[in-house]
Amino acid sequence: MKSIKNILITLVVGVVYFYFSLPAINYQNPDLYIFLLVLTAIYALLEIRSKGIFRGAMDDLSNSIPLDVVNSVVSRLIKESKIPVIIAIALVAFLFIGNVVSSPFFRANAYSNLLQVIPGDFAVEVSEIQLSSQIPMLDTDSAQRLGERKMGELADMVSQYEVAKDYTQINYKGTPVRTTSLEYGDLIKWFNNRSTGLPVYFIVDMVTQNVEVIWVSDVVEGATGIKYAPAEYLSRDLTRHLRFNYPTFMFDTPNFEIDEDGVPYWVCPRLVRRIGIFGGKDIQGAVLVNAVTGECQYYEDLPVWVDRAYSADLIIQQYDYFGRYQNGFWNSIFGQRDVTVTTEGYNYIAINDDVYMYTGITSVGTDQSNIGFILTNQRTKHTSFYSIAGATEFSAMASAQGAVQHLNYRSTFPLLLNISSQPTYFSALKDSAGLVKMYAMVNVEQYQIVATGATVTECDRNYREQLRINNLAEEVYIVTTEITGYIEEIRSAVINGNTQYYIRLSGTDYFYKLSASESEIAVVLDVGDRVSLSASDDTGTVRAASSLRLR
């Protein structure tokens, strides 16, 4: 009778424990065995307590030798808790053996085959982008700053909600953006606002740096907000919602994305183990959770609007397996013939409406140069390797900073671009306050070729000129438009030792920028003069211009 009672108590504790720990009921999930071990220990303690083993030992301690009492207690524990002990030993043994037989020591070839890497042609496969309208100029830190600043403008919500720190980079209607949802300020604020949910989400345009606040009620008819999220509690907590709908699925970190109609979803990649029992972590499709209604749907082949199923960390891990173990386990330690690894850091690039992760590849023991880099589609895991020897990303960052060392600007982690068929690192240069002040381009293969500019267009023009001088490009070609008008406002400033003129024509609310070294006639201009100039297709408050003439 006492054993039945102990079993019932253990089951009740197990239900409560499961509700909060939420392990996948899957034999390949190590957390499941930890869960079972805890329940086994609880049952064993209940059995020991109900049979008074320790109470009897305390009574014997005054009349017996302590060592004999200890031996007696251990003997009775083993005897009375034989089944829990056997179960615990079996679980620990299974965990240990499973990890051993799934390790690279025994399965190096299988680990090297987790990621299929195909040689690629960078100049052909990575097309040039239109810098002013397609280049994503915001890193995560800048996106977070803009999001927090925008949140501060929402006076009716800033006291109740916070902006989530995870900004997912996606392509939305052909534009690279970062998206993020809100979080409740604390448990009390969740209690006060749970009926409406999280009312908005943010879209940060990585080109224009514009932050758009999207009201969920505007994109989902009849909705008041996002009601299923990691920031929720109880049954609307995203992890708990997934577990009760897919009890056997293991999941990687969910991503916040929106479809082409702006409907918010959580993309929850399904985690599988490809090697042995516990080895070879990989992704097999994903569950898409409507963040408003909670409706779930599992897809092995994801819809094309989904941009991220494979995380950058997983891709890097799988490439490192490929690079280390393609010639066997022992070669990865001794000899290390053809052993390669990823460099520190990664970034994203948009190609044909998909988001690709890229990172450099270097030989083991080499940290100053790359032998190439990979691009991996984060939806399909299609991976191409481009054999281009050159600078590591951090070497390129140092070169960019060296070009403006007198200003003490710091470089962001670079993007990888195709400029005149040349693989090129592009980065923003920030001041000590984290504000973007300039831009830099560094040639991957010849990282002494560096160009900077106050605008993206100016930086691009300077870089292409550097390529021409170094016989890496035949001509400098920048798309320009002839503009004619009357000067309504003119200003000047000395930047990096050069006098820059800012001209606003009548009927416009932006300035054209050009240097005195390029157009000396700018020195003698006055308000009211009629001029013609060649302007790039840049956008924003300040736009690059050249070839100024009086009319």
Side-chain angles (χ1 to χ4, degrees), residues 138 143-242 244-245 253-268 286-297 299 302-308 353:
L138 284 180
Q144 290 176 347
R145 288 173 181 267
L146 290 173
E148 290 171 358
R149 186 183 305 165
K150 192 68 174 181
M151 188 66 192
E153 298 175 4
L154 305 176
D156 56 333
M157 290 193 296
V158 71
S159 65
Q160 300 297 307
Y161 305 97
E162 297 176 354
V163 184
K165 300 298 183 184
D166 297 325
Y167 283 72
T168 306
Q169 181 171 331
I170 64 173
N171 277 351
Y172 179 56
K173 297 183 178 179
T175 301
V177 302
R178 289 183 182 268
T179 59
T180 190
S181 62
L182 298 182
E183 296 176 343
Y184 297 100
D186 53 43
L187 184 60
I188 300 301
K189 293 170 182 176
W190 166 78
F191 187 82
N192 293 333
N193 296 282
R194 70 189 189 283
S195 60
T196 56
L198 304 168
V200 304
Y201 63 84
F202 289 177
I203 299 177
V204 183
D205 192 311
M206 297 178 67
V207 178
T208 65
Q209 305 185 32
N210 178 60
V211 182
E212 188 175 2
V213 178
I214 306 298
W215 289 86
V216 175
S217 57
D218 291 339
V219 294
V220 180
E221 185 177 356
T224 57
I226 292 171
K227 295 190 175 181
Y228 293 84
E232 285 286 350
Y233 295 88
L234 303 177
S235 61
R236 286 179 6 198
D237 172 76
L238 181 62
T239 302
R240 188 166 291 111
H241 183 65
L242 286 167
F244 290 138
N245 280 277
T253 305
N255 305 303
F256 182 77
E257 297 196 29
I258 55 178
D259 67 11
E260 292 302 303
D261 295 320
V263 178
Y265 282 86
W266 294 100
V267 178
C268 308
V287 173
L288 303 189
V289 181
N290 186 305
V292 177
T293 66
E295 181 182 355
C296 302
Q297 181 66 50
Y299 295 88
L302 293 169
V304 294
W305 62 264
V306 174
D307 286 312
R308 182 182 297 189
D353 204 33

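Note that the structure is a prediction, hence the values are computed from the model and not measured.
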In terms of ring plane angle, is the pair Y265 and W305 parallel, tilted or perpendicular, where the classes change at 30° and 60°?
-> tilted
Backbone of [Y] reached by a side-chain donor or acceptor of [X] within 3.5 Å:
X	Y	answer
S217	T224	no
D261	V263	no
R240	S235	no
Q144	K165	yes

Salt bridge or not for K189 and E162, using N-O below 4.0 Å?
-> no
For the student: nearest non-hydrogen atoms of [X] and [Y], plus distance:
X	Y	result
V267	A286	CG1-CB, 4.1 Å
I226	A291	CG2-O, 3.5 Å
G147	V163	O-CG2, 3.8 Å
D353	D307	O-OD1, 3.5 Å
L234	W190	CD1-CH2, 4.0 Å
P264	V219	CD-CG2, 4.4 Å

pair [X]-[Y]: side-chain heavy atoms closer than 4.5 Å:
X	Y	value
M206	R178	yes
C268	L288	no
L242	V287	yes
M151	F202	yes
P254	L238	yes
Y161	N193	yes

Test: R194 cationic atom under 6.0 Å from F191 six-membered ring centre, within 45° of axis | yes
Pair W266 and F256, ring centroids less than 6.0 Å apart = yes
Spacing of [X] atom [atom1] and [Y] atom [atom2] [to the nearest 0.5 Å]:
X	Y	atom1	atom2	result
L198	Y228	CG	OH	13.0 Å
N255	D166	CG	CG	8.5 Å
T179	E257	OG1	CD	6.5 Å
I258	T168	CD1	OG1	10.5 Å
Q160	L182	CD	CG	11.5 Å
N290	K227	CG	NZ	12.0 Å

Using a distance-only test with no angle check, is there a side-chain donor-acceptor pair under 3.5 angstrom linking E232 and Y184?
-> yes
CA sep, side-chain torsions, deciding dist, call: V200, M157, side-chain contact (heavy atoms from CB on, under 4.5 Å) | CA-CA 10 Å; V200 304; M157 290 193 296; 3.8 Å; yes
Go through the steps to decide whether V289 and E295 satisfy the test side-chain contact (heavy atoms from CB on, under 4.5 Å), and finish with yes or no.
-> CA-CA 6 Å; V289 181; E295 181 182 355; over 6 Å; no
side-chain contact (heavy atoms from CB on, under 4.5 Å) assessment of I214 paired with D218 = CA-CA 7 Å; I214 306 298; D218 291 339; 5.6 Å; no
